[in-house]
Structures are given as C-alpha cells and as structure tokens.
Q: 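The following block contains the structure, expressed as structure tokens.
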Protein chains: 2
Amino acid sequence: MVKMSDVAEKANVSKATVSRVLRNPEAVKKDTRDKVLAIIEQMNYQPNILARHFRRSQTNTILVVVPNIMNTVFSHILGGIEHAAGENGYRVLLANTNKQVEREYEYLDHLKQRQVDGMILLSARMDKNVLTEVMKQFPVVLTADYLEGVAIPTVTIDNVSSARTATEHLINMGHSRIAHITGPLHLLVSQDRLKGYRQALLQNGLAFDNILIQEGDFSHESGYNQMTKLMALEKPPTAVFSANDEMATGVIKAAKENGLSVPGDLAVVGFDNIKLSAIYDPGITTIAQPTFEMGKKAMELLLEQINGIEMGKRQHVLENELIIRESCGANFKKNG
Amino acid sequence: MVKMSDVAEKANVSKATVSRVLRNPEAVKKDTRDKVLAIIEQMNYQPNILARHFRRSQTNTILVVVPNIMNTVFSHILGGIEHAAGENGYRVLLANTNKQVEREYEYLDHLKQRQVDGMILLSARMDKNVLTEVMKQFPVVLTADYLEGVAIPTVTIDNVSSARTATEHLINMGHSRIAHITGPLHLLVSQDRLKGYRQALLQNGLAFDNILIQEGDFSHESGYNQMTKLMALEKPPTAVFSANDEMATGVIKAAKENGLSVPGDLAVVGFDNIKLSAIYDPGITTIAQPTFEMGKKAMELLLEQINGIEMGKRQHVLENELIIRESCGANFKKNG
DNA sequence: CTGAAAGCGCTAACAC
DNA sequence: GTGTTAGCGCTTTCAG
C-alpha cells in the first residue's frame, strides 16, 4: 500500500505538501501541485481515509435512523437524504430499528463514539430527556415525526391542516357522514390527522360521531377490517378519510366486496401519495407529502449544525398538496 | 473526552489491559476485568472507534450499491442485508447510484481507500474487467443481478425457470395466445424472463408470435401503454405475462378501461410479489422473489469472504414461488 | 496474565 | 509556499 510519505519522497516534497495538494490545493504553487498530482497518479496512491478520519476526528458520515426501510415513505425520505448528503460530500450510514426503541438507543453510541458527524431520525421513540442530552452534544435532526417539548430541529408537514384539507374536500363533495380511519394513536402523526379531521367537521357545523372513528395501524388489512366494521353500522358513512394510502386500499377493497362502488357509493381520501395511490383502481385522492424534499431539507439542516451555522427557526413545515384522483368522486371516471 | 489511558490509570492497569477487556475479555483475569469494567462504567468511557478502525484498518462497515432505494424490491433486499449485517456487528453504508455507472465507479474508491470492508452490488453496470480486478482485491458480492463471465459470488433466483412457471400456469389455464411484456431488454433479468416465456411456449407446442412480445421499462405506465397496443391487434392475447408487478397493474388498468374484465376476459401474471400485488384489485398472481432472504444470503457470503473462509459454490440460486391470486383466473372471485 | 513500547498514516501548528 | 515535527488513541507484538 503506497502512502503519503512515498509520494512525498518521490516528488521531493514533504508529506505536508502532499497533504495540502489533496485537501487544500490552493495553498500550493501550481508547479508543485502538478508535480505531486502526477506522482499520485503514477503511483496510484489512495489516501488512507481512516487515518484522516482518525486524525481529524470527523468522518463525513451521517447516521439515518429509520423505523423500517421497507416502508415506501421512509425509503423516499432516505432517497432525499442520500441525495443531499452525496452533494455535500457526506455518506449515509443506515440504521434500521424495526420500530424498537432499544435499537434507537444502541445507535446513539455511534454518535458518542464519533463514528458519525450527525444523525437524522425518522422516528423518535426514545426518551425526551435522553434525546435532549444528545442534542446538546451532537448534531441531530428529526423528520417525518416530531416531539413536543424538545427543541430539536424538525422537518415535517402540517398534518393537522392537511387532514383538515382532506376532510373538507369530502365535505365539499356533499358528504356529511364521513368516517376516519386513524393510524396508531400513540403516534403524534396519527393524533394530528385525527385533530384535522375533527376541526374540519366542527368548522363546517357537522355532527361529530365517535363511532365513525376507527383506529388502524397503517396496514392494508387494518383498513379492510375497520371498513368492514363501519359498513355494518346502522347508518354507515358515505365517505372515509383514511390516515394513509395503504389503509385506503383496504377500505376500497372492503367496500367493493360489499357491493359498494367507489366513489359512487363511497368516497375515499387517503394520505401520503405513495405510488400505489396513483396506480390503484380507482386512483386514490390523497395528500401528497413531499418525502424526497423532507429528506433533503433534513440533511441541509443537519449540515448547518455540523458546520456550526447559527440556525434560524427550528421547526420547518413543508408544503403538502391535495391530489385529486377518482376515489373521492370529484374526478369520477368509470373504468372496468 | 475520556480515553483509554485515563481508564488505565484510574484502574491501575496498563492501556493494553483495558484494550483486552474491551476486545478480548477472556484474556484477562476476572478480577482485573471486573475492576476495569467498573471504571469504564464509572468514567463513562467511550472507545474512540475511529482510532480503532485506523489501527486495525478495518471498519466493520460494508457498502451497498443500490440503483434506486425508492424501489420496493431493492429496499427489501437492503432490509435483508441490514438485518444480517447488524447480527454480525457490521454497519451498512448506503450508495444510491440512480442507475448511473459513474456513481458505481466512484464508490469503488471506498473499497480502495479501505473505508469499508466489502461491497454488495444490487446492480452491476460497470465494466466486467474493472469488476474482476476489484474482486481480486476486495470482498464483493452481487445480488438481484448477475453477470456472465465474471466469477463473482452471486445470489439470484432462476429467472428463466420462474418465468417458465408463470407462463405455464397461464397455459394450464387453457390460454394459447399469451403475450409477454418484458423489462428493459438490456438487463439480463429481462432477457431471462423472456427466455423462460419462450421455453414454456415451445415446450407446450404453442406457436410463438413476436407481435405478442412488447418491451416495457418496469413502470406502470409502460405496462399500460404496451397493453393498449396489444389490445389493438387483430387477434389480441387472452393472457399476459408481465415481467414485473408494477407493469401488471398497468396491463390490468388498460384492460379494464377497454371494457375487459380481469381475469374474465384477460388473465394476467406478474413478477416480484411486491406488496402491491396482494393489495391490488384483483389480486395479482405473481412469482415471489425472496428479496429479504436474498439480501441476507448476500451478506452472509460477503462475511465469508471478509473472514477469509473458503467459499464453496459461487452462484447461489434461491427458491421462488408462484403465488396464485385472482388475476390469472385460477382463483376467480368476483368483487366490485 | 499483564505491561512496555512502537507505530498505524495522516494533519496542522509552527517555523522558516 | 514549503518543511519539520508532534501527536491523534488505539492495538499488538514481545517480554516477563
């Protein structure tokens, strides 16, 4: 393995100069630089990055903690992070927690051991005090989730207002008996979407019926099951706002199996705008989360922290958008 | 930052002993070990892993090169890799190439600079000779893709035989005019699936009609477009084997829009068994690739290389399975 | 079973 | 603009 001192010797310069050519080329006279560069090329020298990391105690690597990579929303945010990281010379270390808090804690060691320069969390299940402590010492950003009472930089969308938008869309279509299938209610995201749903009803003078609110777990199956329950009601809903797209497909499936047409007999709105919602039959009206953008933004905030740039606001709320397709009835187009 | 020498001093032992306690506890007497462990705890000592990496020139990190993380198949393989890596004390560095060869080349430097202990490729677009050279020097495994004439350890499924199975299933359902929408034909995977389709027809004495073979690009849209073409034929097909599930949804959509019922008027079989295929209406009959398992196996092979274990065979072919749902007509269940 | 000592390859003061 | 030098914190012989 050829090392820096070999290059230095052959080029008749010092190690320091070789190091400068690599990390701060402007500080070296062009002649010298070219000579060194030529030798580097000729000897096929590869700097030992581990030595560099050690010496500088910096790794140009960040850690991304994901509850589940196999989930589309997360993998898209990850895509955005990876993109921004790459553009700034950073690498991404993947930490899949499988939704286990313990694994979140384990990965904190990577920060403490300086194995990474910062961390982006896509889910924060850990204790708030622990997280607050970590934040004081290391660059951390939270996205796709948020935490109350922790001053951690966060990138999210406004789940309350977008849920309100979604629900209002159904109200505007003339529905008054609108059900909501929520996500797991221990997640703030789910609570917020529920809150938005409530607000829309109240603000439009609609009666609020608890029986129309069913808790799902973001899976297709739970959407199917909860919809089945709802259809068994004496006065079943004419519209459903589902807290994510995957559950919306379960809702539609259950409705169809019961002889209901969507959107003819039942209007459905989902959330996330995952690819599935565009492909599904009928196309699912949904709220588009700018997942890739969220990842990108989160990485940018992390870089600011790493580079010690004074941050302005800590809470970043990105725009979301109602995507109108067939399932809500606004764009009714019969096929099949 | 408390370091090893601090711990050593306080515990009245040498740095060497502390190091042993951490990396090779058996080599230290229990009393000494316990004493050192207590001090470590008490001082809240965190080893400087960068120094360790540098010293040992080993990182316990592997690089995973993915053409596109946002693709379900890849993110599931990644899940399997991450799982196996975690179990073996390895970390996963993510390298998204966006399908650009140049980026594959860039990432090779990580190996050359010893930043990672090995590499798993989920796509091999780079030059075979380059790859062969790399393989001689560093642990590398290829999965989800393969290369002819390169002795690289590979984990795949048998695309030819599974495509044959899929097509034969349609033949057994009584179809004789079966179309095939391929993936991009520059990919070996696509070529193999086409080959399997051909074999099934030939072995069953069916006429082979080139017009029934249309090249797609694995997207929903291409499935839709190619199916639209096929339906315009004088003698349109009664069944379609699509090279992936996403295109299959396009096929079904086009068929429905044309007033055909699936599977009543058109039988469809997909490939991959992504979640979508189970959720779609109708459920899509498909070939299940064991994506998570592939990732796991790939990681295991990589570990063997890293640990210098003599490898047996280099080509690992995992089992795949035909998942029968509604779209092929075998399980016809009308809904909606 | 434990300690002493050398040194991994690079960077960054500091001199010149 | 360039060279000299002193480590970064750990692991690993080699002795004892």
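Order of the sequence lines fixes the chain letters, A, B, ..., with proteins taken first and strands second; residue numbering starts at 1 for each chain.
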Q: Both A:I49 and B:S14 contact DNA chain C. Taking the nearest nucleotide for each, which residue is further toward the 5' end?
A: B:S14
Q: Heavy atoms under 4.0 Å, any strand shown: does A:N12 hit a base, just sugar-phosphate, or nothing?
A: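 Sugar-phosphate contact only - A:N12 comes under 4.0 Å of backbone atoms but never of a base.
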Q: Is the backbone of B:P184 close enough, under 3.5 Å, to the side chain of B:S190 for a donor and an acceptor to pair up by distance?
A: yes
Q: Starting at CG of B:N48, measure out to NE2 of B:H53 and round the result to the nearest 0.5 Å.
A: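 Between B:N48 CG and B:H53 NE2, I get 9.5 Å after rounding to 0.5 Å.
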Q: Do side-chain atoms of A:K128 reach the backbone of A:E148 as a donor and acceptor pair under 3.5 angstrom?
A: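 Checked: pair present.
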Q: Indicate yes or no for a side-chain donor-acceptor contact from A:E104 to the backbone of A:M126 under 3.5 Å, with no hydrogens or angles considered.
A: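 Yes.
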Q: What is the distance from CD of B:Q46 to P of D:dG9, rounded to the nearest Å?
A: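 That distance rounds to 15 Å.
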Q: Summarise how protein sits on nucleotides 11-16 of chain D as a single string, 5' to 3': B when a protein heavy atom is under 4.0 Å from the base, S for sugar-phosphate-only contact, - for no contact.
A: BBB---
Q: Could you state the CZ-C1' distance from A:R114 to D:dC10, rounded to the nearest angstrom?
A: 16 Å
Q: Just how far, in rounded Å, is P of D:dC10 from CE of B:M1?
A: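 Computing the B:M1:CE to D:dC10:P distance gives 10 Å.
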Q: With no hydrogens and no angle check, is any side-chain donor or acceptor of A:Q46 less than 3.5 Å from a backbone partner on B:D109?
A: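 Absent.
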Q: So, does A:N96 use its side chain to make a donor-acceptor pair with the main chain of A:V66 at under 3.5 Å?
A: yes
Q: Donor-acceptor pair, A:N159 side chain versus A:V189 backbone, under 3.5 Å?
A: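 Answer holds: no.
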Q: When you check the gap from the basic side-chain N to the acidic O, do A:K10 and A:D6 get nearer than 4.0 Å?
A: no
Q: Is the number of heavy atoms from other residues, nucleotides or ligands within 6.0 Å of CD (A:E319) greater than 12?
A: no
Q: Under 4.0 Å from any heavy atom of chain B: name the first and the last nucleotide of DNA chain C that qualifies, 5' to 3'.
A: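 The protein-touched segment is C:dC1 to C:dG9.
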Q: Step by step, would you call B:R23 with B:R56 a side-chain contact (heavy atoms from CB on, under 4.5 Å)?
A: CA-CA 12 Å; B:R23 295 200 27 84; B:R56 310 195 63 214; 2.7 Å; yes
Q: Heavy-atom contacts under 4.0 Å between residues 25-43 of chain A and DNA chain D, which residues?
A: A:A27, A:V28, A:K29, A:T32
Q: Mind calculating the distance between NE2 (A:H53) and C1' (D:dG7) to the nearest angstrom?
A: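 In whole Å, D:dG7 C1' lies 19 Å from A:H53 NE2.
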Q: For the pair A:F54 and B:F54, name the ring-plane relationship: parallel under 30°, tilted 30 to 60°, perpendicular over 60°.
A: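 A:F54 and B:F54: parallel rings.
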Q: From CD of A:Q113 over to P of D:dC8, roughly how many Å is that when rounded to an integer?
A: 20 Å
